[in-house]
Structures are given as C-alpha cells and as structure tokens.
Amino acid sequence: AGESDPRWQIVSVNDQRLDPPQALRVFSQPKQFAREHPNDPNTSQWLAWLPPRDQQRIGPTYRFQSTLALPESAAAKDRQLVGRFMVDHRVVAIRVNGRPIPVPPQSPEGDGWHTNVYEVVIEADILQDNNTIEFEVQNDIEGLKNYTGFRVAWELQTPSTIRSRPAHP
C-alpha cells in the first residue's frame with residue numbers, strides 16, 4: 001500500500017460509523033489493467049482501507065466519503081458533475097449532500113467487475129462549495145476476508161463543454 005489520499009476517507013463499515021474517519025491508502029493495481037488505467041494522484045487512483053487482517057470483516061459495505069468544491073468559474077446553473085468509477089466489488093449507493101443518486105448497473109463478479117468503467121451523472125444538488133459525496137461499496141466475496149478498492153475521476157460539464165471521449169478513472 002502507498003501513501004494516504006487526503007481527499008477520501010472511509011467513514012463507516014456496515015453502517016457503523018468510524019470515529020474518527022479513517023484515511024484511505026493508494027493501492028497497487030493489478031498489472032493487467034495498470035497500463036490502461038494508471039494511478040494518477042491528480043485525477044484518480046485506486047484507494048483502499050487496509051486494516052490488519054484480523055480487523056477485516058466478511059462481506060462488509062464500506063462508505064467512502066469526499067468533499068468537493070467547484071471552481072469559481074463554474075456557472076451555478078446548467079452544470080453537471082460526471083464521475084467515472086471502477087470498483088471492487090460493487091457500488092450499492094451514491095449520495096451527494098445527503099441525497100441519493102441513481103447507481104448505474106454494474107457487471108456481475110467474474111465479468112470485468114473491477115476493470116469496467118461506470119459513469120454517474122449528478123445534475124441536481126451541486127453546491128459551489130463543500131459538496132459531500134459518498135459511495136457505498138459492497139465487498140461481497142462470501143466467507144472470505146479481503147480488501148476492497150475504489151476509484152473515481154470527476155469532470156465538471158457545462159453547456160459549453162464538448163466531450164470527445166470519456167476520461168478514464
């Protein structure tokens with residue numbers, strides 16, 4: 001495991017709040033997709049909560065949380081925040097400022113579940129400052145204690161934004 005990423009924390013495990021929230025660590029990527037989706041601290045990198053094995057739980061749901069402020073140049077209306085994420089195993093809930101956001105369908109385990117890129121579009125409830133964003137990640141290998149991982153890359157879009165191709169997380 002690498003250094004902590006100050007932008008993200010884990011705030012609960014199985015709906016039990018962690019007090020204080022725990023730092024997330026940059027996690028090494030499997031070689032099979034590191035070339036296509038390399039860790040980049042400026043855009044996106046694999047993050048994981050890496051407690052000692054004896055503190056890991058079987059099949060938990062982890063709540064990852066970050067605070068995101070928009071640039072002053074972003075117009076207050078007609079903007080959307082697009083997140084492209086990769087996950088081990090699946091995202092089960094997304095919230096922005098406490099409000100649920102629809103979770104995109106994800107591939108089942110064994111079908112590129114940690115190499116596929118999924119997109120979530122947030123069009124409402126985006127504040128200029130201090131947007132609290134939460135992703136609940138379920139790590140559900142039955143009967144096995146193992147680490148989970150997550151990464152997301154953000155793009156702010158306005159009517160004048162032209163996307164030629166999606167950025168990878």
Side-chain angles (χ1 to χ4, degrees), residues 1-13 18 21-30 33-50 61-107 112-139 147-169:
E3 296 181 17
S4 293
D5 185 322
R7 295 169 289 201
W8 286 92
Q9 299 177 339
I10 182 149
V11 296
S12 70
V13 178
L18 297 176
Q22 303 292 305
L24 293 171
R25 297 250 182 235
V26 177
F27 198 64
S28 299
Q29 307 176 246
F33 61 93
R35 283 186 298 267
E36 216 173 307
H37 307 286
N39 277 339
D40 181 343
N42 296 315
T43 57
S44 174
Q45 51 195 353
W46 274 102
L47 301 172
W49 184 49
L50 303 173
T61 300
Y62 299 95
R63 185 176 298 174
F64 294 84
Q65 186 179 79
S66 184
T67 302
L68 181 65
L70 301 182
E72 288 185 26
S73 61
K77 62 178 189 169
D78 298 328
R79 64 182 177 205
Q80 61 184 9
L81 190 60
V82 177
R84 292 178 186 86
F85 67 89
M86 298 170 77
V87 62
D88 170 5
H89 275 94
R90 71 180 51 83
V91 170
V92 295
I94 301 170
R95 286 185 232 26
V96 175
N97 301 320
R99 296 184 184 226
I101 302 296
V103 177
Q106 297 156 66
S107 298
W113 50 271
H114 66 291
T115 58
N116 290 336
V117 178
Y118 304 102
E119 184 174 278
V120 60
V121 178
I122 303 165
E123 296 178 304
D125 302 317
I126 304 171
L127 306 174
Q128 194 69 37
D129 293 326
N130 300 326
N131 291 282
T132 300
I133 299 174
E134 296 179 328
F135 280 75
E136 285 189 21
V137 174
Q138 189 173 55
N139 190 30
Y147 298 124
T148 188
F150 168 78
R151 69 185 296 169
V152 64
W154 296 107
E155 179 183 356
L156 179 66
Q157 295 183 355
T158 62
S160 63
T161 303
I162 299 172
R163 290 193 316 188
S164 57
R165 72 176 190 85
H168 291 289

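- Separating the CD atom in Gln22 from the OH atom in Tyr62 is a distance of 12.0 Å, to the nearest 0.5 Å.
- Distance check: Asp88 CG to Gln138 CD gives 11.5 Å after rounding to the nearest 0.5 Å.
- Here the shortest heavy-atom pairing between Pro6 and Ser4 reads CD-O, 3.7 Å.
- You'll find the side chain of Asp5 stays beyond 4.5 Å of the side chain of Ser66, heavy atoms only.
- Minimum heavy-atom separation, Trp46 to Gly149: CZ3-C, 3.2 Å.
- Across every non-hydrogen atom of Val121 and Val82, the tightest pair is CG2-CG2, 4.3 Å.
- Taking CD1 of Ile10 as the start and CZ of Arg63 as the end, the distance is 10.0 Å to the nearest 0.5 Å.
- Scanning both residues, Pro102 and Val120, for their nearest heavy atoms gives O-CG2, 3.9 Å.
- For the residue pair His89 and Val87, the shortest heavy atom distance occurs at O-CG1, 3.7 Å.
- Contact annotation: the side chain of Ile126 approaches that of Asn131 to within less than 4.5 Å [non-hydrogen atoms, C-beta and beyond].
- Put simply, the side chain of Gln106 does not reach to within 4.5 Å of the side chain of Asn116, judged on heavy atoms.
- Residue Leu127 holds its CG atom at 10.5 Å from CG of Leu68, rounded to the nearest 0.5 Å.
- When side chains are defined from C-beta on, Ile133 counts as touching Leu81, because their heavy atoms get closer than 4.5 Å.
- Here the side chains of Val117 and Glu119 are not in contact, with every heavy-atom distance at 4.5 Å or above.
- Atom-to-atom distance recorded for Arg7:CZ and Gln45:CD is 6.0 Å, nearest 0.5 angstrom.
- Side-chain contact between Ile122 and Trp154 is present, with at least one heavy-atom pair separated by less than 4.5 Å.
- Partners of Phe150 under the ring pair (Phe, Tyr, Trp, His ring centres under 6.0 Å) rule, at least two apart in sequence or in another chain, are Trp8, Phe64, Phe135.
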Step by step, would you call Gln9 with Gln65 a side-chain hydrogen bond (donor to acceptor under 3.5 Å, both in side chains)? CA-CA 5 Å; Gln9 299 177 339; Gln65 186 179 79; over 6 Å; no
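- Between the side chain of Ser44 and the backbone N or O of Val152, at least one donor-acceptor pair lies under 3.5 Å.
- For the pair Glu136 and Thr61, the tightest heavy-atom approach, listed with the atom from each and the gap, is OE1-CG2, 3.7 Å.
- Gln80 CD to Glu123 CD: the interatomic distance, rounded to the nearest 0.5 Å, is 5.0 Å.
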